[in-house]
Amino acid sequence: MSIIARLEGASKAFEGGILALDGLTLSIPEGGFVSLLGPSGCGKSTALRLLAGLEAPSAGRREWPGGKPQMGFVFQDATLMPWASVFDNVALPLRLLRRPMAADEIAAALERVGLAAFARAMPRSLSGGMRMRASLARALITRPQLLLLDEPFAALDELTREDLNDALLALHTAQRFSAVFVTHSVGESVYLSNRIIVMSPRPGRVIASFTNDDPLPRPRGYRSSAGFAARCGEISFALRAGMKEAVA
Amino acid sequence: MKRAFSLFLPLIVAALFLGLWEGAVTAFAIKPFVLPAPSAIGLALWRDAGSLGLSALVTLRITVIAFALALVMGVGLAVLFAQSRLIARSLYPYAVALQVTPVVAIAPLILIWVGLEHAQRALLILATIVAFFPILSNTTLGLKSADPNLVALFDLYGAGRWQKLWRLQLPSALPFILAGAKVAGGLALIGTVVAEFVAGSGTSAGLAWRIIEAGNRLQVPKMFAALFVLSALGLAIFAVLSWIEWLALRGWHESTLDRREG
């Protein structure tokens with residue numbers, strides 16, 4: 001499988017000498033769904049920003065073997081423009097890229113995230129889950145090859161979160177993008193991805209890497225299956241081992 | 001019910017205050033050139049409505065043009081500052097210096113420069129100087145206050161500087177600009193009146209001149225009437241700007257949120 005983006009021994013130090021990442025190496029396969037799992041403040045978000053090219057590594061390399069891919073980014077907050085309607089928010093990437101924009105294309109994108117009836121709504125009038133759906137629609141409107149998600153559902157309640165996980169997997173199946181999903185939830189990483197990379201506390205390094213061959217998208221009952229529980233246990237164990245090592 | 005009450009309360013205060021005032025003036029037989037009774041002021045307002053109204057229009061015209069100039073210059077300069085830190089650093093101290101220098105002190109100089117025969121121009125310049133700073137400083141702050149994640153998103157899609165300005169920074173700054181404009185509206189009026197005072201007799205037919213004129217003739221009720229018109233003008237400017245603010249921010253900004261919502 002070809003690689004769409006890669007970090008090679010990437011380190012990132014911020015002003016004041018804080019080392020967020022220390023020699024991080026990981027690669028994102030085309031069409032794959034990779035979760036970056038780690039405790040808060042382990043540099044997961046920084047790794048994502050490096051992959052996106054929003055920041056440059058202080059040491060090591062970031063590579064896009066097939067050239068800079070078209071990307072979409074979803075933040076922890078929906079990060080919608082509060083002064084613009086849902087329609088205008090979703091249309092933003094096309095406008096910035098000066099691409100021709102068809103209204104029915106936006107309508108279809110809203111349809112796919114279940115917001116067909118809310119094109120004219122202002123973000124303030126939507127619930128947290130609906131705002132996040134709009135944010136997803138915006139990130140996917142350019143048909144990106146690489147979708148980067150920075151703990152997008154962390155602030156949502158459990159049920160909304162599960163609904164959005166399913167929505168995301170359905171979109172992944174339909175649009176075949178590569179995804180990098182940053183989370184600190186073990187269950188979420190197992191449910192969503194076929195590759196889980198466990199990171200250590202700051203400065204972030206890769207301490208373990210798992211594959212989950214269960215085909216995507218996962219059936220509804222997947223979360224209560226024995227296989228799911230076993231994988232979660234295994235990954236939690238690795239995560240805890242990393243934490244202990246950091247404390248010692 | 002609550003709304004009616006909050007509207008009613010200031011009216012009751014006004015009635016009480018005016019009643020006490022009227023009573024005190026009558027009871028202590030205070031001379032009208034010391035303190036005229038509200039009824040006398042009302043009478044002056046009625047009798048001089050024509051000349052006061054015309055003067056109010058003169059003052060209002062200068063105020064509105066000065067405000068518009070201040071808005072264009074303030075936002076324009078702030079946008080320029082946002083484009084280049086070098087320009088901002090070199091020019092901002094002078095904008096502050098202009099602001100902290102009392103306008104009364106600059107007025108005679110400006111009058112000499114533009115010539116007494118163009119006193120209107122001097123008034124306009126002075127009022128603009130006074131009104132300009134809150135718009136500049138608020139817009140400067142507003143342009144910097146765009147959500148950093150949205151800035152990152154614009155970067156991700158390779159947005160240019162003008163796209164960022166037009167689609168992100170200016171909308172983010174809008175609440176700040178409007179708040180600055182509300183302050184500037186009042187200041188434009190103050191600046192106009194102060195400049196009218198300094199320019200003095202024969203140069204202007206504005207409200208300040210009515211006050212000077214009435215004062216010279218010891219027509220104290222008319223002075224009060226002119227003051228009343230001036231306050232009303234200030235309140236009207238504030239009301240109009242608040243309404244524009246509400247129109248522009250309705251539906252998206254927190255300040256327009258009905259607290260009972262959500």
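Here is the naming used below: chain letters follow the sequence lines, and residue numbers restart at 1 for every chain. Note that the structure is a prediction, hence the values are computed from the model and not measured.
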Check your understanding: Would you say F154(B) and L92(A) make side-chain contact, with heavy atoms under 4.5 Å?
Key -> yes
Check your understanding: Which answer fits L54(A), side chain, backbone, both or neither, if we ask what part of it has an atom under 4.5 Å from a heavy atom of chain B?
Key -> side chain
Check your understanding: Is atom CZ of R61(B) surrounded by more than 12 heavy atoms (other residues, nucleotides or ligands) closer than 6.0 Å?
Key -> no
Study note, to complete from the structure: Ranked by heavy-atom pairs below 4.5 Å to chain A, first place among A152(B), P171(B), G160(B), A159(B) goes to P171(B)
Check your understanding: Considering only heavy atoms from C-beta outward, does the side chain of F73(A) approach that of N149(B) to under 4.5 Å?
Key -> no
Point to revise | Heavy-atom closest pair, residues P82(A) and W252(B) | key: O-CB, 2.8 Å
Check your understanding: Hey, is CZ on F238(B) packed in by over 12 heavy atoms from elsewhere, all under 6.0 Å?
Key -> no
Check your understanding: Hey, does Q163(B) have a side-chain heavy atom less than 4.5 Å from the side chain of R98(A)?
Key -> yes
Review point. Any side-chain heavy atom of D147(B) sitting closer than 4.5 Å to one from T79(A)?
Key: yes
Review point. More than 12 foreign heavy atoms under 6.0 Å from CZ of R205(A): is that the case here?
Key: no
Review point. More than 12 non-hydrogen atoms from neighbouring residues, nucleotides or ligands closer than 6.0 Å to CG on L86(B), yes or no?
Key: no
**Study point:** Contact winner vs chain B - M81(A), R95(A), Q76(A), heavy-atom pairs under 4.5 Å
**Key:** R95(A)
Review point. R138(A), R49(A), Q70(A), E55(A): which one forms the most heavy-atom pairs within less than 4.5 Å of chain B?
Key: R138(A)
